[in-house]
Every structure is written in structure tokens, then in C-alpha cells.
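Data block below; observations after.
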Amino acid sequence: MRHLALPVLLLALAGVLPALAGEWPSGAREAFVRDCLVNAKARHKEGPARHYCECSADRVAAEFSSTELLHLQGSDDQVPAPMQERLLGASSQCLSQLNRQ
């Protein structure tokens, strides 16, 4: 029975993790994807660029809290370096999308 405790704990945590993900403020996800597409389409075809940007938006929402996403949306200042690193880390998980045909 003791070996069963860890898998049960991990399954319970897996159910909680999506609840911790941030929610984009109204229109912010679309703006993120649009801005991403401007940059991604400079080097990649429309389809793969869109897949990458959509994936990145989902990964960023999973990485950041709703409060942080709100801060990112409303910030006219440069994003702090630690937050930039987290943004890059989240979106780098989607790089394989750029290789799609």
C-alpha cells in the first residue's frame, strides 16, 4: 500500500494544477497571438507561425498567474528580466510547432 501513495498524490496534484494556471484578461490573448504572429511570420510560413503563437499563448497562461498576465497586458514599461526569462521558457516549449508543414 505504501507504493500507492505517491501515484495517488501525483494524480491529485494533476487535478489542481490547471486551476493554478492564469486566465488572460479580455482581448489580451488575441493581442499576444497577433504580436507574436508579426514577428514569427517574418521568418516562417503562416500555418506554423500561428501554431507556434497559439501554443505559446497557452503555455504562457499555464506559467503565469492571472495577476501576472494582467500586469503583462497593461505594462508600458519593459518586462522585468525574470519575467522575460519565464516568457521565453514557456514559449520555447512550442518551438517544434515552427517545423510543421
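These numbers come from the heavy atoms of this one structure, side chains and all, not from hydrogens, waters or symmetry mates.
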Going by an N to O cut-off under 4.0 Å, is there a salt bridge joining Glu46 and Arg50? yes

Shortest non-hydrogen separation from Glu23 to Ser66 and the atoms involved: N-OG, 2.8 Å

So which atom in Trp24 and which in Ala61 form the shortest heavy-atom distance, rounded to 0.1 Å? NE1-CB, 3.4 Å

Would you compute the distance between atom NE2 of His51 and atom CD of Glu54 and round it to the nearest 0.5 angstrom? 9.0 Å

Would you give the length of the straight line joining atom SG of Cys53 to atom CD of Glu30, rounded to the nearest 0.5 angstrom? 13.0 Å

Could you list the donor-acceptor pairs under 3.5 angstrom formed between side-chain atoms of residues 79-90 and any protein atom two or more places apart in sequence or on another chain?
from  : atom 1 : to    : atom 2 : distance (Å)
Gln84 : NE2    : Val79 : O      : 3.1
Arg86 : NE     : Glu63 : OE2    : 3.1
Arg86 : NH1    : Glu68 : OE2    : 2.8
Arg86 : NH2    : Glu63 : O      : 2.9
Arg86 : NH2    : Glu68 : OE1    : 3.2

Check this for me: Gln93, atom CD, are more than 12 non-hydrogen atoms of other residues, nucleotides or ligands nearer than 6.0 Å? yes

Across all chains, not counting sequence neighbours, the side chain to side chain contact (heavy atoms under 4.5 Å, CB included) partners of Cys94 are Tyr52, Cys55, Ser56, Arg59, Gln97

